[in-house]
Engineer: 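Structure incoming, see below.
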Amino acid sequence: MATGKQIYSKIEERVNQLDRAKSSIEAELRRNQHAQQANEAKRLECMSTIASIHVEALLDKTKNPVRAVTSEVDSLVSRRDQAYQDVLLQMDRSRTALRLSDVAVDQAQADFEAMRIRVYEELARSGGFREKRRMMDEANACVDTCVQVAAEIHKETVAKLVAYQADPLFSYLLARRYGNTDYLGKGLFRRLDGWVAKKIDYTQAKHDFDVLTQLPGLADAKVVEARLAVARATDNYRIIEQQVRRQHRYDEMEKAVTQAKAKREDCRKQIAEQQKAIDDFQSKEDSIMGQITRKVRDTMAQFSFATLDRLTKDTGSSADDLALRQYQQLNDEAPILAAQEREIQGRLQQAAQDFKKTKALRDSYASNGYDSSRREFPGSFDIDRLMAGYLVGHYSLDDFERTCATNSSIVQQTQSYQSNSSSISSSSGTRSDNNFTVSDSISSGGGSISTSDSF
């Protein structure tokens with residue numbers, strides 16, 4: 001006998017086996033796909049090597065000429081040669097332009113310097129200009145003096161005010177506004193305040209205190225006034241200077257120097273860009289070279305092995321011969337790997353289908369309550385054979401459910417009933433346990449489904 005729970009464990013084990021088998025096939029498929037990707041990458045690498053060597057031989061004019069694989073490649077090579085010659089010609093022109101720019105900058109600077117000397121010689125001869133310059137220098141000196149004096153006043157004021165602020169009697173009278181028109185002291189308090197004021201000479205102290213508090217502001221005002229005088233003197237000085245500069249076109253010639261330098265800088269930038277283009281051509285890293293290499297590689301990939309063998313022999317290099325042999329080996333492996341993938345895909349599809357069907361069988365078994373430990377199946381019940389028949393299509397899911405129902409029964413534990421005062425007994429009067437079994441049988445054309453429930 002086997003319980004429904006034990007049968008469920010076997011079904012679950014089969015589901016897990018199929019899941020592991022499916023995962024194993026999936027891993028095998030991934031390995032095959034990685035192998036195909038690696039094969040393709042290596043083939044591309046080999047073809048790139050063959051193409052690069054062919055292009056090198058094609059561009060090397062010192063060796064025997066190598067045929068271009070197509071007329072388009074031949075056209076690209078010619079276009080590249082022309083582009084290289086154009087860059088060399090542009091470089092010569094830019095270097096000539098740079099030399100002319102250097103001359104133009106030197107001439108513009110010399111003209112400007114000569115004019116500047118004339119301007120300031122004329123200004124130096126002008127009495128009004130000298131007077132304005134003297135006034136501006138005096139105003140600047142006055143500003144320096146005022147700033148220095150103001151700083152000393154601020155420092156001295158801060159030091160001296162400490163004594164007044166620390167004197168309690170002075171602070172008291174100052175707070176009461178003694179001596180001011182709004183002083184409100186009367187009677188005895190007025191006389192006492194007067195006595196205190198006389199004792200500390202408050203009138204003189206208040207005068208000195210007011211002067212100390214006003215001095216920093218007055219000093220700052222002098223600084224502002226001196227700076228305004230500098231601005232006025234500078235404006236008067238600049239007016240005369242600008243008049244003379246306009247007469248001699250000072251600003252125009254200064255601008256001409258700036259423009260000449262900018263033009264020279266543009267020439268230097270062009271030369272730097274053209275030199276990079278020349279370096280790219282010489283190192284075969286220019287954009288047209290990339291087009292040639294890709295075109296040769298893509299075209300050669302379509303050739304037969306015999307054609308490729310003939311082309312590699314023309315280059316005189318052994319590296320492309322070696323790459324071609326490796327390319328042929330990889331090319332032979334590619335269809336084998338593709339066939340293996342198709343075979344693995346077929347096995348994976350079958351494994352996934354078996355897993356899905358067995359999982360559905362397990363879920364149906366559980367949803368119908370056959371996985372109970374109280375359900376019993378006879379020893380002759382072969383769940384493995386039943387599942388195998390289900391997977392190959394001999395049985396449907398309904399057949400499986402009917403077979404499980406027919407070959408199983410629910411067994412319940414025996415229950416005893418006893419009265420508190422008397423016993424349910426037979427005609428002999430003795431107590432006995434009443435066990436009875438109800439057997440339900442549902443008949444059909446293909447057999448009957450029986451359940452034996454014990455109470």
Engineer: Between E26 and K22 (salt bridge meaning N to carboxylate O under 4.0 Å), is one present in this structure?
Structural biologist: yes

Engineer: Tell me, do E265 and R268 make a side-chain contact under 4.5 Å, heavy atoms counted?
Structural biologist: yes

Engineer: Taking atom types as modelled, is there a side-chain donor on D86 or Q82 under 3.5 Å from an acceptor on the other?
Structural biologist: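 Their side chains do contain a donor-acceptor pair, which is all the 3.5 Å distance test asks for.
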
Engineer: Kindly write out the residues that satisfy side-chain hydrogen bond (donor to acceptor under 3.5 Å, both in side chains) with Q282, not counting sequence neighbours, or none if the list is empty.
Structural biologist: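 Result, side-chain hydrogen bond (donor to acceptor under 3.5 Å, both in side chains) vs Q282: Y84.
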
Engineer: Looking at OG of S317 and CD1 of I50, how far apart are the two atoms once the value is rounded to the nearest 0.5 Å?
Structural biologist: 10.5 Å

Engineer: If you round to the nearest 0.5 Å, how far is CZ of R294 from OG of S48?
Structural biologist: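 The CZ atom of R294 is 11.0 Å from OG of S48, to the nearest 0.5 Å.
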
Engineer: Can you check whether S364's main-chain N or O pairs, donor with acceptor, with N368's side chain at less than 3.5 Å?
Structural biologist: yes

Engineer: With the threshold set at 4.0 Å, does a side-chain nitrogen-carboxylate oxygen contact exist between K206 and D210?
Structural biologist: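 D210 and K206: salt-bridged.
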
Engineer: Backbone N or O of G4 within a donor-acceptor pair of the Y365 side chain at under 3.5 Å?
Structural biologist: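 Here the side-chain-to-backbone pair exists.
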
Engineer: Centroid-to-centroid, F400 to Y395, below 6.0 Å?
Structural biologist: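 No, they do not, as the ring centres are separated by 6.0 Å or more.
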
Engineer: Checking side-chain polar atoms at under 3.5 Å, does T96 have a donor or acceptor matched by the opposite partner on R99?
Structural biologist: yes

Engineer: Do the side chains of R80 and L59 get nearer than 4.5 Å, heavy atoms only?
Structural biologist: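 Yes. Closest side-chain heavy atoms under 4.5 Å.
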
Engineer: Can you confirm whether H207 sits close enough to T203 that some side-chain heavy atom of one is under 4.5 Å from a side-chain heavy atom of the other?
Structural biologist: no

Engineer: Examine the side chains of N39 and R43 and answer whether a donor and an acceptor come within less than 3.5 Å of each other.
Structural biologist: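 Yes, a side-chain donor-acceptor pair sits under 3.5 Å.
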
Engineer: Between the side chains of D266 and Q270, does any donor sit under 3.5 Å from an acceptor?
Structural biologist: no

Engineer: Below 4.5 Å, heavy atoms only, C-beta onward: do D371 and I11 meet side chain to side chain?
Structural biologist: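 No, every pair of side-chain atoms sits at 4.5 Å or beyond.
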
Engineer: Decide, yes or no, whether a salt bridge links R347 with E343 under the criterion of side-chain N to carboxylate O below 4.0 Å.
Structural biologist: yes

Engineer: May I ask you to decide if L311's main-chain N or O and T315's side chain share a donor-acceptor pair within less than 3.5 Å?
Structural biologist: no

Engineer: Applying the side-chain hydrogen bond (donor to acceptor under 3.5 Å, both in side chains) criterion to N32, which one of E28, Q36, H34, R30 satisfies it?
Structural biologist: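 Testing each of E28, Q36, H34, R30 against N32, the sole residue satisfying side-chain hydrogen bond (donor to acceptor under 3.5 Å, both in side chains) is Q36.
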
Engineer: On a heavy-atom basis, which atom in V73 and which in I292 lie closest, and how many Å separate them?
Structural biologist: CG1-CG2, 4.2 Å

Engineer: I'd like to know if R402 and D399 make a salt bridge, using a cut-off of under 4.0 Å between side-chain N and carboxylate O.
Structural biologist: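 Salt bridge flag = yes for D399 with R402.
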
Engineer: Could you tell me if the side chain of H54 sits less than 4.5 Å from the side chain of D320, heavy atoms only?
Structural biologist: no

Engineer: Mind checking whether K42 and E333 have side chains closer than 4.5 Å, heavy atoms only?
Structural biologist: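 SC-SC contact between K42 and E333 ruled out.
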
Engineer: Between D321 and R325, does any NZ, NE, NH1 or NH2 come within less than 4.0 Å of an OD or OE carboxylate oxygen?
Structural biologist: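 No salt bridge links R325 with D321.
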
Engineer: Show the nearest heavy-atom pair for residues V55 and M289, with the distance to one decimal.
Structural biologist: CG1-CE, 3.2 Å

Engineer: I'd like to check the side chain to side chain contact (heavy atoms under 4.5 Å, CB included) partners of Q109; sequence neighbours left out, ordered by chain and number.
Structural biologist: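 Checked Q109 against side chain to side chain contact (heavy atoms under 4.5 Å, CB included); matches are V105, D106, V257, K261.
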
Engineer: Strictly distance-based, threshold 3.5 Å: is any side-chain N or O of T49 a donor or acceptor partner for the main-chain N or O of E45?
Structural biologist: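 A pair under 3.5 Å: yes.
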
Engineer: Determine the minimum heavy-atom distance between Y370 and A405, stating which atoms define it.
Structural biologist: OH-CB, 3.6 Å

Engineer: For D309, does its backbone N or O pair with a side-chain atom of T312 as donor and acceptor, under 3.5 Å?
Structural biologist: yes

Engineer: With rounding to the nearest 0.5 angstrom, report the CG to CD distance, L361 to E401.
Structural biologist: 8.5 Å

Engineer: Could you state the interatomic distance from CG (L18) to NZ (K359), rounded to the nearest 0.5 Å?
Structural biologist: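 Interatomic distance, L18 CG to K359 NZ, rounded to 0.5 Å: 12.5 Å.
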
Engineer: Mind listing the closest non-hydrogen atom pair of A205 and Y164 along with its distance?
Structural biologist: O-CE2, 3.5 Å

Engineer: For the residue pair M115 and R249, what are the closest heavy atoms and their distance?
Structural biologist: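 Looks like CE-O, 4.5 Å.
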
Engineer: Hey, could you give me the CD1/CD distance between I344 and Q349, rounded to the nearest 0.5 Å?
Structural biologist: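 Spacing of CD1 (I344) from CD (Q349) equals 14.0 Å.
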
Engineer: Determine whether D314 and R310 satisfy the following criterion, salt bridge (charged side-chain N to carboxylate O under 4.0 Å, His left out), listing intermediate values before the conclusion.
Structural biologist: CA-CA 7 Å; D314 289 344; R310 186 172 62 254; 5.8 Å; no

Engineer: Less than 4.5 Å apart, any side-chain heavy atom of R116 and any of E113?
Structural biologist: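 R116 vs E113: side chains touch.
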
Engineer: Would you check if there is a donor-acceptor pair between the side chains of Q85 and D81 at a distance under 3.5 Å?
Structural biologist: no

Engineer: For the residue pair Y390 and T358, what are the closest heavy atoms and their distance?
Structural biologist: CE2-N, 4.4 Å

Engineer: Any donor-acceptor pair under 3.5 Å linking the side-chain atoms of Q148 with those of D144?
Structural biologist: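 Distance-only check fails for D144 and Q148.
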
Engineer: With side chain to side chain donor-acceptor pair (under 3.5 Å) as the test, would you mind laying out the steps for D298 and Q302 before giving the verdict?
Structural biologist: CA-CA 7 Å; D298 296 342; Q302 301 173 11; over 6 Å; no

Engineer: Kindly indicate whether the side chain of R375, heavy atoms from C-beta on, has any atom under 4.5 Å from the side chain of I410.
Structural biologist: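 Yes. Closest side-chain heavy atoms under 4.5 Å.
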
Engineer: Inspect the contact between E252 and K255 and indicate whether a charged nitrogen and a carboxylate oxygen are less than 4.0 angstrom apart.
Structural biologist: no

Engineer: Report the distance from atom CG of L391 to atom CG of D354, rounding to the nearest 0.5 Å.
Structural biologist: 5.0 Å

Engineer: Verify whether one side chain among Q328 and D332 offers a donor that lies under 3.5 Å from an acceptor in the other.
Structural biologist: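 On atom types as modelled, these side chains do not qualify, holding no pair under 3.5 Å.
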
